[in-house]
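Hydrogens, waters and symmetry mates play no part in the numbers below; they use all other heavy atoms, side chains included.
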Amino acid sequence: MPLGPGQRVLAVADDLSGAAETAAALLSRTTRTRVLLDPRTATPAPVGTTTVFDLDSRQLSATGAADRITAAMTGLAPGTLVLKKVDSLLRGNLAAEIAALAATGRGVLLAPALPTAHRTVRDGVLHTDGVPLHTGNAWRAETAPPPRSIAEALRAPVALLGLASVRGPAHLLRTALREALATGLPVVADGETDADLDALLAAALDVDPRVALAGSGGLALALGRTLDGGPPAPLPPPGPATRPLLVVVGTAEPLAAEQVRRLVTDGAALYSLDPGAPYPGDPLPPLHPGSTVLTLRPGGPPDPAAARAIVRNLARTAAALLDAAPGPADLVLTGGETARRVLEALAVRELRPWGQVHHGAVLATTPDGRTVVTRPGSFGDADSLRLIARALRAPAARAPAADTAAPQTAADATPAARTPAGRTPAARTAVHPPPDPGRPAPTPRRISLDHAKGPFMNATPAAPAGTEPTAAEKSDALPVIAVTMGDGAGIGPEVIVPALLDPGTLSRIRPVVVGDAERLRRAAELVGLADRAEIVTVEGPGDAEFTPGRINVIDLGLLPADLPWGTLSAVAGDAAYQYVRVAAELALSGAVQGICTAPLNKEALHAGGHLYPGHTELLAHLTGVEEVSMMLSTDTVKVIHVTTHIGLIDAVKRIEPGLVERTVRRGHDALVRAGVEHPVIGVCGINPHAGENGLFGYGEEEEKIVPALEILRADGIDARGPLPADTAFFLAGRGDYDLIVAMYHDQGHGPVKILGLEAGVNLTVGLPVIRTSVDHGTAFDIAGTGTADPGSMIEALRQAAALAPSPTG
């Protein structure tokens, strides 16, 4: 049942990054959150604000941690919902804290699964990336061996709620939970997906709202989805950079070194400390005016016994750097202990979260106006720090190769070495002033993962010093993309011309239009670019020259000079088909590495004698592929469709496990090819609420979707569902999923057109050649007016560049 915006919630965590993660999960449009570092000095929360306490108990004795839980639970107002954030790897004083919760007589439901980080619970055993915790190396920095089960971690008997119960009918789950709580033991719940956690939370709230909930950020997200008020307003856009950014990396995770390396590649200065040296150690140069990374010098395995002293020295060094800076700096802090100690050194006692850059990477502001991003040390992929820095700062101009060839240390990192002549500092930052109690809260804007690093964005590393390619070599390495003109009576020509004149286009691809040269010249006049566009007819890609202002056209000459704009025409429909046919032949011959299509009109295509539902099916026929999928891509969400241009009744009939499985695999392969190493894929159900355990429909989800998901998961593909379609797109928009699988056309197209029509891109997945397209139609109503927005065509070309192979590779 949804909880109202006035619901009282007590949320506590054992470290700062966990508290921030929880606070971000509980945000809604009607509920703000705050994180307090010292619960003893808490002031009453403003109306509509939920407070999350960082109890700072991770490193305490078991007795000390239990005492802090007991103190936090004392004097709660009636009806307060209790949420204890636990570490998703079961670290810290878990046994003592759960025992303290149970001692209150509330009963405890422990659900530590964190699906977004691939941490699941099966048969009471925590798994990371499918591997049981005790057989992996996730506990490498801990002094004790990892527990073999959650019961072992609690050092007490538990009542286990297995996956079959969690996924059974809602009334049976409630019965099983009620019986488990009646034993008086902590109830440990299996879970692998967000839907599992949603079901557990709903059952707990129905059975006994007084139950103390304990779980990772996954359970906090489930609670956030239950709170009334809808998703949080998005974060405000970054503004001009006026102060430096300090990134403090205090984690022993092996991936941290690669995260730092990528950030340095983007131009950040790197200051590394000797973990064995006493504070203050070697003197450090001032903060870089752009971004600075402060981390520990690589060495042997981490020494768990010395971890606290090392973190304390790292925090003191960070504070010293900030104190010596001429003005305030913003912060990125990884590792809960590190984040806590740095903020303590700066006398910061409160954070106000606004949202997440990616899961666990929480953007917040401090009372003194700093922007701070906190993130657990074990979270994020190799691009995590790069994503965070780019969300706060536009990427700095890439440093010369010699500047980033080797890590800097405290002894050799100097401002001069990091700011070569002509270097452009970072251009943007997300600086948010502290909330003014006398004014309404600002309307924030969500930082989209894809604005920072879309899964289809090319990233070209700097060449080693002295081996930079020539301009001709750089051009030869770019993919040749055939751009089909679409329906000549529509807006295709009007968006192609400005898109090919965009300064970024020639830096990414070598475009060749397949269409009618004269129609493009008329379009150039309509959009006011006739004086800038040199439209040149070529026989093929080999004859094309790629210089600014030049548009190369393979001119089929199929359109009459007097073809009216905005009018359905069989001639234009046939011409649109011929453009695609020629482009497909070029692709199959290897003359082009990708196709980017302007929109065609299906009715005109049929009138011209070509009975295909659209580009997707036409290209499949021309390239000899039996089955392909349509994928829509925006900065907010990416969607692949199981069925597309058929009626809804026929779509439901056509959906079957094999088709679902093949569609998910095509989407997974496309994302992996584009650089997403482990895509998280959300699969929609067919019926409302994904059937809600048989309440709606006739069991289509169990019959048509679940068998495919079981096969995919067995093969290591992270496909989750079936999901209710009315919430799946919201979850994808905030970063929970890399891809949503829609079962039919409007299930996927409707949300995409709301969330990103103007910058949307249509991809055909499964072809022997990459194909992208604008995600809009021919727009006959504005064709010929010169007012069409070329943004989607520019984005389609960019994504074609990102996915297409290099002809020299």
Are [X] and [Y] packed together at the side-chain level, in the sense that at least one heavy-atom pair is separated by less than 4.5 angstrom?
X      : Y      : answer
Val582 : Tyr577 : no
Met485 : Leu520 : yes
Glu494 : Ile496 : no
Val483 : Val514 : no
Val512 : Phe546 : yes
Ile551 : Val497 : yes
Pro722 : Val683 : no
Ile686 : Ile655 : yes

Partners passing side chain to side chain donor-acceptor pair (under 3.5 Å) against Asp736 (at least two apart in sequence or in another chain):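 Result, side chain to side chain donor-acceptor pair (under 3.5 Å) vs Asp736: Arg734.
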Pairing residues for Glu534 by the side chain to side chain donor-acceptor pair (under 3.5 Å) criterion, not counting sequence neighbours: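 Here no residue qualifies.
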Verdict with reasoning, Arg654 to Thr643, per side chain to side chain donor-acceptor pair (under 3.5 Å): CA-CA 8 Å; Arg654 181 174 297 185; Thr643 65; over 6 Å; no
Keeping the roles fixed (side chain from [X], backbone from [Y]), state whether a donor-acceptor pair exists under 3.5 Å.
X      : Y      : value
Ser384 : Asp381 : no
Thr547 : Arg550 : no
His749 : His745 : yes
Asp738 : Val680 : yes
Arg519 : Gly488 : yes
Thr505 : Ala499 : yes
Asp516 : Leu558 : yes
Thr623 : Leu767 : no
Arg510 : Leu478 : yes
Arg720 : Thr193 : no

State plainly whether the residues [X] and [Y] are in salt-bridge range, i.e. N to O under 4.0 Å.
X      : Y      : result
Arg521 : Glu518 : yes
Asp669 : Arg666 : no
Asp198 : Arg225 : yes
Arg713 : Asp718 : no

Please round to the nearest 0.5 Å and tell me the distance separating atom [atom1] of [X] and atom [atom2] of [Y].
X      : Y      : atom1 : atom2 : value
Thr778 : Leu568 : OG1   : CG    : 8.0 Å
Met793 : Cys596 : CE    : SG    : 4.5 Å
Met743 : Thr663 : CE    : OG1   : 7.5 Å
Asn552 : Leu500 : CG    : CG    : 9.0 Å
Leu526 : Ile491 : CG    : CD1   : 12.5 Å
Met631 : Lys638 : CE    : NZ    : 8.5 Å

Check against side chain to side chain donor-acceptor pair (under 3.5 Å), Asp650 and Tyr744: CA-CA 10 Å; Asp650 294 330; Tyr744 50 89; over 6 Å; no
Thr787 side chain to Thr785 side chain, donor-acceptor N/O pair below 3.5 angstrom: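 Yes, a side-chain donor-acceptor pair sits under 3.5 Å.
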Of all the heavy-atom pairs spanning [X] and [Y], show the shortest one and how long it is.
X      : Y      : value
Pro511 : Leu506 : CD-CD2, 3.7 Å
Gly492 : Pro599 : CA-CD, 4.3 Å
Val495 : Ala788 : CG1-CB, 3.8 Å
Val765 : Gly667 : CG1-N, 4.4 Å
Gly791 : Asp789 : N-OD1, 2.8 Å
His358 : Gly380 : CE1-CA, 3.8 Å

Pair listing, side-chain hydrogen bond (donor to acceptor under 3.5 Å, both in side chains) test, anchored in residues 609-619, at least two apart: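 Found Asp574-His610, Tyr612-His621, His615-Arg771, Glu617-Thr644.
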Residues, nucleotides or ligands: over 12 heavy atoms within 6.0 Å of Leu611 CG: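 More than 12 within 6.0 Å, yes.
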His678 atom NE2, neighbour heavy-atom count above 12 within 6.0 Å: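 Counting neighbours around NE2 of His678, 12 or fewer heavy atoms of other residues, nucleotides or ligands fall under 6.0 Å, so no.
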side-chain contact (heavy atoms from CB on, under 4.5 Å) between Ile595 and Val769, intermediate numbers included: CA-CA 7 Å; Ile595 299 172; Val769 62; 4.2 Å; yes
Those residues that, when tested against Glu700, pass salt bridge (charged side-chain N to carboxylate O under 4.0 Å, His left out) (two or more places apart):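 Scan of Glu700 (salt bridge (charged side-chain N to carboxylate O under 4.0 Å, His left out), adjacent residues dropped) gives none.
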Residues in salt bridge (charged side-chain N to carboxylate O under 4.0 Å, His left out) contact with Asp196, at least two apart in sequence or another chain: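 Once residues adjacent in sequence are excluded, the partners of Asp196 under the salt bridge (charged side-chain N to carboxylate O under 4.0 Å, His left out) criterion are Arg167.
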Worked check of side-chain contact (heavy atoms from CB on, under 4.5 Å) between Ile717 and Ile681: CA-CA 8 Å; Ile717 294 176; Ile681 301 172; 4.2 Å; yes
Cys684/Gln747 under side-chain contact (heavy atoms from CB on, under 4.5 Å): CA gap, chis, key distance, verdict: CA-CA 9 Å; Cys684 290; Gln747 188 182 60; 3.6 Å; yes
Residues Asn687, Glu701; criterion side chain to side chain donor-acceptor pair (under 3.5 Å); working and verdict: CA-CA 8 Å; Asn687 294 295; Glu701 283 75 20; 3.1 Å; yes
Steps toward salt bridge (Lys or Arg N to Asp or Glu O under 4.0 Å) verdict (Glu525, Arg522): CA-CA 5 Å; Glu525 294 174 357; Arg522 290 188 61 190; 5.9 Å; no
Steps toward side-chain contact (heavy atoms from CB on, under 4.5 Å) verdict (Ile794, Leu797): CA-CA 5 Å; Ile794 293 171; Leu797 292 167; 5.6 Å; no
Pairs touching residues 581-605 that satisfy salt bridge (charged side-chain N to carboxylate O under 4.0 Å, His left out), sequence neighbours left out: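 Those involving residues 581-605 are Arg581-Glu585.
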